[in-house]
Amino acid sequence: MSVRVRIAPSPTGYLHVGTARAALYNWLFARGRKGVFILRSDDTDTERNDPKYHEDIVTSMRWLGLDWDEGIEVGGPHAPYRQSLRFDRYREVAMSLLAEGKAYYSFATPEQLDGFRKEAQAAGRTPAYDGRFRVDAAEAAERVAAGEKVPIRMAVPRPGLTTFVDSVRDDVTFDHDQVDDFVILRSDGSPTYHLASTVDDVDFGITHVMRGEDILSSTPKHILLTQAMGATPPVYAHLALLMGPDGKKLSKRHGHTALNAYREAGILPEAMVNYLALLGWSPGEDETVVSLDEMIDRFDIDDVTKNPTIFDNDKLEWMNGVYIREMSTDDFVARISPMVEAHLGRPLETDEMGQLAAIAPHVQERAKRLTDVAEQVAFIFGDVVYDDVSWDKVMTTSEAPVAIAAATAGLATLQEWTTDSIEAALRNMLSETELSARKGFQPLRVALTGSTVSPPLFESIEVLGRERAIARLEAAQGRLA
RNA sequence: GGCCCCGUCGUCUAGGGGCCUAGGACGCCGCCCUCUCAAGGCGGUAACGCCGGUUCGAAUCCGGUCGGGGCUACCA
């Protein structure tokens, strides 16, 4: 049987990095097995759904490069792949379960349920509703006919046990007294997640379900439902959750949980994918930077780790740097120019594009995030903005005016304007003034770029051009006086 | 509270009875390179939660304990 897997985000929030990781694992598995990867929208929560989240899910998936064979936007044999458009089908299943006596109309009031749970908890038992307030079928039919709007609950067989093999954690068993008679169809006729998700998995022929560990304890419900429908449950694999640095489930207060935030922070999708892949999976050897093809080749559910994993931003940024350095300069320029323009608030002129291309290799080798680059090269495209700390640190020394004056004189008379000739002139300035490279060059750097931290000095000067370089040196000299 | 899951350096992990005086990566520290910052090179720091058992031998198997996490809705 060919592999059919899915990722089913609910559009009640931006695509979460944890969901992105689950999506990646499913995708790798499908691609490695020549299977089918499906993107489905679990949008049964009509209250909290928002089109902007739906949009974000699609955009983020594409950004990561995780293409899907069937699903929203692309269609397929089970279109539309949106649960909100399949309510009739869920109702149909609920009704047939009802007819078969596997589910029932529940007249239990919230007060009764609440009382039951409190009592059970106080007695040290599991507060899972066991159907004790269930009324007989005849009465139920009568009351529903009379217009009572009540939910339909699953009649969980008790006593009973559900055991399943989880591909990442081996056998897991749940006693049915831990499983409540859960609602499958709400009193307003809408399906719950359990029903909709299970029906879809059955209808779409899903063979493997890889999802977050947070639904591990709901799995018996899904298995019971699947069996009640007369189908065979898929293979389950529950992924350990992503944690924040404090060991708690990754949430907003830890920083970014939305994938799009990383895109905006200048993270490359390739780096994100590589980092995410290693968060709970190991290619088996001492390797860290792994290409997508290699991942597809080597990925297997059995090699997924059981441990919860803490999301490490430092490592992500390091990896991003690795991918940035691996890019060709052309690609790099293509990717940073929009960011530079966004930073400047205007498009770059043709000659400015040339300047950007000229300085690019020098910032590429030291960049961690694409967004850093815009700041690092800003001095080329606008007026110099002096960083106060930098200024105070190097411009208040007695060497600063000496170095700047000598450098100005040296550069003004240069025949050629190349990195080499500039370097020669400035090194000559050093020996004339008897200044160390550090003492002599740092004031120039601040004068020209505004900061003690910048791309390499000689290259920066070359790209800046003679007029502007000299103007800045003179301006700084004037500011010193 | 109940149930379920998990437990190797600070972090992500390799490891599935002797190959482990526990390997790799990020981070951190030091040195080198050097016009700044990075990058790069070299070196270093640092872990099998604890207690029992099984065994000639345990990070690896078993039990307990402690710790962490998840679930416990007419939310997904």
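Lettering of chains follows the sequences in order, A, B, ..., and the numbering in each one begins at 1. None of these values were measured; they are calculated from a predicted model.
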Gap in Å between the two [atom1] atoms, one belonging to [N] and one to [M], rounded:
N      : M      : atom1 : result
B/rU34 : B/rG41 : C1'   : 13 Å
B/rG7  : B/rG63 : P     : 14 Å
B/rA59 : B/rU21 : P     : 9 Å
B/rA47 : B/rA22 : C1'   : 9 Å

Report summary line: Across all chains, not counting sequence neighbours, the side chain to side chain donor-acceptor pair (under 3.5 Å) partners of A/Arg153 are A/Ser106
Requested in this report: Please identify each residue that fulfils side chain to side chain donor-acceptor pair (under 3.5 Å) with A/Arg369, with sequence neighbours left out.
Outcome: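 Partners of A/Arg369 under the side chain to side chain donor-acceptor pair (under 3.5 Å) test: A/Asp372.
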Under 4.0 angstrom between [X] side-chain N/O and [N] OP1 or OP2:
X        : N      : answer
A/Arg125 : B/rG1  : no
A/Lys368 : B/rA39 : yes
A/Asn307 : B/rU8  : yes
A/Arg438 : B/rU36 : yes
A/Thr12  : B/rA76 : no
A/Arg153 : B/rC74 : yes
A/Arg117 : B/rA73 : yes

Requested in this report: Could you identify which residues of residues 102-113 of chain A place a heavy atom less than 4.0 Å from some atom of RNA chain B, listed by residue number, or say none?
Outcome: none
Query - Side-chain donor/acceptor of A/Ser218 to base of B/rC71, under 3.5 Å - result: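 Counting by modelled atom types and ignoring angles, no donor-acceptor contact under 3.5 Å is found here.
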Report task. Kindly indicate whether the side chain of A/Arg445 and the base of B/rC35 share any N or O donor-acceptor pair separated by less than 3.5 Å? Result -> yes
**Report entry** Position toward the 5' end of RNA chain B (nearest nucleotide), A/Thr309 or A/Ala437
**Finding:**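 On the 5' side of the pair lies A/Thr309.
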Query raised in the report: Of A/Pro456 and A/Gly124, whose closest RNA chain B nucleotide lies nearer the 5' terminus?
Result: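 The 5'-side residue here is A/Gly124.
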Query raised in the report: Can A/Arg40 be said to sit on top of A/Tyr81's aromatic six-ring, NZ or CZ under 6.0 Å from centre and within 45° of the ring axis?
Result: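 Here A/Arg40 fails the 6.0 Å and 45° test against A/Tyr81.
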Query raised in the report: Under the 6.0 Å and 45° cation-pi test, does A/Arg143 pair with A/Phe107?
Result: yes
Query raised in the report: Under a 4.5 Å cut-off applied to non-hydrogen side-chain atoms, are A/Val394 and A/Ser390 in contact?
Result: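 A/Val394 does not reach A/Ser390 side chain to side chain.
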Query raised in the report: Considering residues at least two apart in sequence or located in another chain, which fulfil the side-chain contact (heavy atoms from CB on, under 4.5 Å) criterion with A/Ser328?
Result: A/Asp330, A/Asp331
Classify the ring geometry of [X] against [Y]: parallel below 30°, tilted from 30° to 60°, perpendicular beyond 60°.
X        : Y        : result
A/Phe116 : A/Phe133 : perpendicular
A/His194 : A/His222 : tilted
A/Tyr262 : A/Phe311 : tilted

Report summary line: For nucleotides 40-49 of chain B, 5' to 3', base contacts (B), sugar-phosphate-only contacts (S) and non-contacts (-) with protein non-hydrogen atoms under 4.0 Å give S---------
List the atom pairs, donor and acceptor, that lie under 3.5 Å between side-chain atoms in residues 16-24 of chain A and the rest of the protein, sequence neighbours left out.
from: A/His16; atom 1: ND1; to: A/Gly18; atom 2: N; distance (Å): 2.8
from: A/Arg21; atom 1: NH1; to: A/Leu279; atom 2: O; distance (Å): 2.6
from: A/Arg21; atom 1: NH2; to: A/Ala240; atom 2: O; distance (Å): 2.3

**Report entry** Watson-Crick or G-U counterpart of B/rC61, or none if no pair lies under 3.5 Å
**Finding:**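 Pair assignment: B/rC61 / B/rG53.
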